[in-house]
**Student:** 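Here it is: the structure, laid out below.
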Amino acid sequence: RVARVGSREGTCPFFIDVPPMLTVMDTPPPDFLMRELLPLLRQFCVGPYGIAIGGSYAKGSHDALSDVDVYLFAQQVRSGLQRNKLVVEALGETTAPVFWGCEDSFIEGGTDFSYQGCRVECWLRNTRQVEGTIASCRQGIIRREHVAWTVMGFFNYVVLADVRTMQIVEDPHGVLARWKEDVSTYPEPLRQAILCRFMAAATFWPENFHYRSAIERADRIYTSGIVQQVLHALIQVTFALNREYFPGEKKLAQVLEKLLVRPSVFSVRIQALLCPEEYLSVAKLRKQHQELCTLVTDMEQLVLNHGKTT
């Protein structure tokens, strides 16, 4: 079953199908899991450490399909094989642990396993690396790493969103609490860097010769990539305008509609552009192009009105 969502506000005569909301999962809550798992998780780290709950449980947006994200911060960790062995010894073979990440020079890695009906994903991060990322972002230095597990790449400032929303479980040296204080105020240099970079990316395509000629050729593969790129750039701009950290690519539709500064019915317009109901002819591609241009223009006006340093 699907719900029918639409609006005729402004220039958005779109009606699209969206799936119904999922219910909260009927499994042990993270605090119960963490109490049971803490003795194991501590053994993953070598030396000083910090542990927190992250992801959808920390944000309060979990549903029946959510896993439990555990953040572990340390300078050194045990190898992936050693972590797998610890999981099996503590919880049994049915946990089916897997590990990932660099073993030689620890920056980040992970150990994922199943426990009491939950998928638990442990993300281990190098403490110095996180410290450096927070400092860089506060100075307005932004980076994007193209990795397979994100749609548009991993932006370094997502680390600030993770730190701000995570729920501290153990912080014996007070490092995690200090980080949360550091990111409690959205850095203006970061805001201006995001606005500059991603408005330039968004405005590059609408009247671009290659995009317009691809429309006339009905080159749907090429045009679909352009549309997605422009829309993701506009999403980055919207979070920066609102001085809210971009939280990652999942479950963005509802979050976007809660932001105060945004184009009208923003998430509905995005979804209509990304998921048209009909096979796109040249005429439909022209219409898609016009709607995309209108959305970019709307965002340019918002940046003029709200993007200045305060």
Side-chain angles (χ1 to χ4, degrees), residues 52 54-56 58-61 71 125 128-147 150-166 175-206 228-267 269-270 292-310:
S56 60
K59 301 170 190 173
S61 61
Y71 298 161
R125 291 164 157 172
R128 286 200 187 99
Q129 187 78 11
V130 175
E131 292 261 8
T133 299
I134 292 174
S136 294
C137 290
R138 293 178 74 188
Q139 295 171 26
I141 301 171
I142 60 178
R143 299 186 180 92
R144 174 165 61 177
E145 180 184 359
H146 290 281
V147 290
T150 65
V151 176
M152 298 301 291
F154 182 77
F155 300 98
N156 61 339
Y157 48 85
V158 173
V159 172
L160 280 64
D162 290 343
V163 168
R164 187 172 188 177
T165 58
M166 70 184 183
V175 174
L176 276 57
R178 175 168 55 79
W179 289 349
K180 289 182 79 69
E181 178 64 26
D182 287 344
V183 305
S184 60
T185 300
Y186 194 101
E188 189 61 26
L190 175 63
R191 182 173 183 261
Q192 293 301 320
I194 291 173
L195 292 177
C196 179
R197 175 168 175 171
F198 288 102
M199 273 313 299
T203 56
F204 175 83
W205 281 112
Q228 185 175 67
Q229 184 180 8
V230 171
L231 292 177
H232 276 276
L234 295 179
I235 288 169
Q236 298 295 330
V237 170
T238 305
F239 277 95
L241 281 176
N242 286 271
R243 294 181 172 84
E244 292 287 346
Y245 295 116
F246 175 66
E249 295 156 337
K250 294 181 180 178
K251 304 177 185 177
L252 282 177
Q254 293 184 17
V255 178
L256 287 170
E257 289 306 316
K258 294 178 181 177
L259 298 177
L260 295 179
V261 181
R262 56 176 172 78
S264 63
V265 287
F266 189 35
S267 66
R269 293 165 75 179
I270 288 174
L292 187 67
C293 288
T294 301
L295 189 55
V296 171
T297 300
D298 289 352
M299 187 65 77
E300 285 183 298
Q301 189 59 51
L302 288 173
V303 171
L304 286 174
N305 294 341
H306 301 280
K308 295 179 181 178
T309 304
T310 57

**Student:** Can you check whether Leu241 reaches Thr238 side chain to side chain, under 4.5 Å on heavy atoms?
**Tutor:** no
**Student:** Just list the side-chain donor-acceptor pairs under 3.5 Å for residues 194-205, sequence neighbours left out, or say none.
**Tutor:**
unit_1, atom_1, unit_2, atom_2, d
Thr203, OG1, Met199, O, 2.8
Thr203, OG1, Ala200, O, 3.4
Trp205, NE1, Gln229, OE1, 3.2

**Student:** Let me confirm one number: the CE-CG distance from Met166 to Leu176, rounded to the nearest 0.5 Å.
**Tutor:** 3.5 Å
**Student:** Could you pull out the closest heavy-atom pair between Glu257 and Val265, with the gap in Å?
**Tutor:** OE2-C, 3.5 Å
**Student:** What's the separation between atom CZ in Arg144 and atom OH in Tyr157, rounded to the nearest 0.5 Å?
**Tutor:** 8.0 Å
**Student:** What is the distance from atom CD1 of Ile270 to atom CD1 of Ile235, rounded to the nearest 0.5 Å?
**Tutor:** 4.0 Å
**Student:** Any side-chain heavy atom of Val159 sitting closer than 4.5 Å to one from Val183?
**Tutor:** no
**Student:** Show your reasoning for whether side chain to side chain contact (heavy atoms under 4.5 Å, CB included) applies to Val151 and Gln228.
**Tutor:** CA-CA 10 Å; Val151 176; Gln228 185 175 67; 4.0 Å; yes
**Student:** Near Lys251 NZ, under 6.0 Å, is it more than 12 heavy atoms from other residues, nucleotides or ligands?
**Tutor:** yes
**Student:** Within the structure provided, determine whether Ser267 and Gln254 are in side-chain contact (heavy-atom separation under 4.5 Å).
**Tutor:** no
**Student:** For residues Thr150 and Phe155, determine if any side-chain heavy atom of one lies less than 4.5 Å from a side-chain heavy atom of the other.
**Tutor:** no
**Student:** Quick check: does any side chain N or O of Gln192 sit under 3.5 Å from a backbone N or O of Gly307, one acting as donor and the other as acceptor?
**Tutor:** yes
**Student:** Dump the intermediate steps for side chain to side chain contact (heavy atoms under 4.5 Å, CB included) on Thr294 and Thr297, then the final yes or no.
**Tutor:** CA-CA 5 Å; Thr294 301; Thr297 300; 5.7 Å; no
**Student:** Nearest heavy-atom pair of Ala240 and Arg191: which atoms, and what distance?
**Tutor:** O-NE, 2.9 Å
**Student:** Please report the interatomic distance CZ(Phe154) to CD(Glu249), rounded to the nearest 0.5 Å.
**Tutor:** 10.0 Å
**Student:** Please report the closest heavy-atom contact between Pro263 and Leu302, naming both atoms and the distance.
**Tutor:** N-CD1, 3.3 Å
**Student:** With Val158, which of Asp162, Leu160, Asn156 fulfils side chain to side chain contact (heavy atoms under 4.5 Å, CB included)?
**Tutor:** Asp162
**Student:** Applying side chain to side chain donor-acceptor pair (under 3.5 Å), which residue pairs with at least one partner in residues 175-186 are found, sequence neighbours left out?
**Tutor:** Glu131-Arg178, Glu131-Trp179
**Student:** Measuring from atom CE of Met152 to atom NE2 of His146, what distance do you get when rounded to the nearest 0.5 angstrom?
**Tutor:** 8.0 Å
**Student:** Side-chain contact test, heavy atoms from C-beta onward, threshold under 4.5 Å: evaluate it for Gln301 versus Asp298 and give yes or no.
**Tutor:** no
**Student:** Have a look at Cys137 and tell me which of Ile134, Ile141, Thr133 forms a side chain to side chain contact (heavy atoms under 4.5 Å, CB included) with it.
**Tutor:** Thr133
**Student:** How long is the straight-line distance from OH of Tyr245 back to CG of Leu190, given to the nearest 0.5 Å?
**Tutor:** 7.0 Å
**Student:** Which pair of heavy atoms, one from Arg125 and one from Val130, lies closest together, and at what distance?
**Tutor:** CB-CG2, 4.0 Å
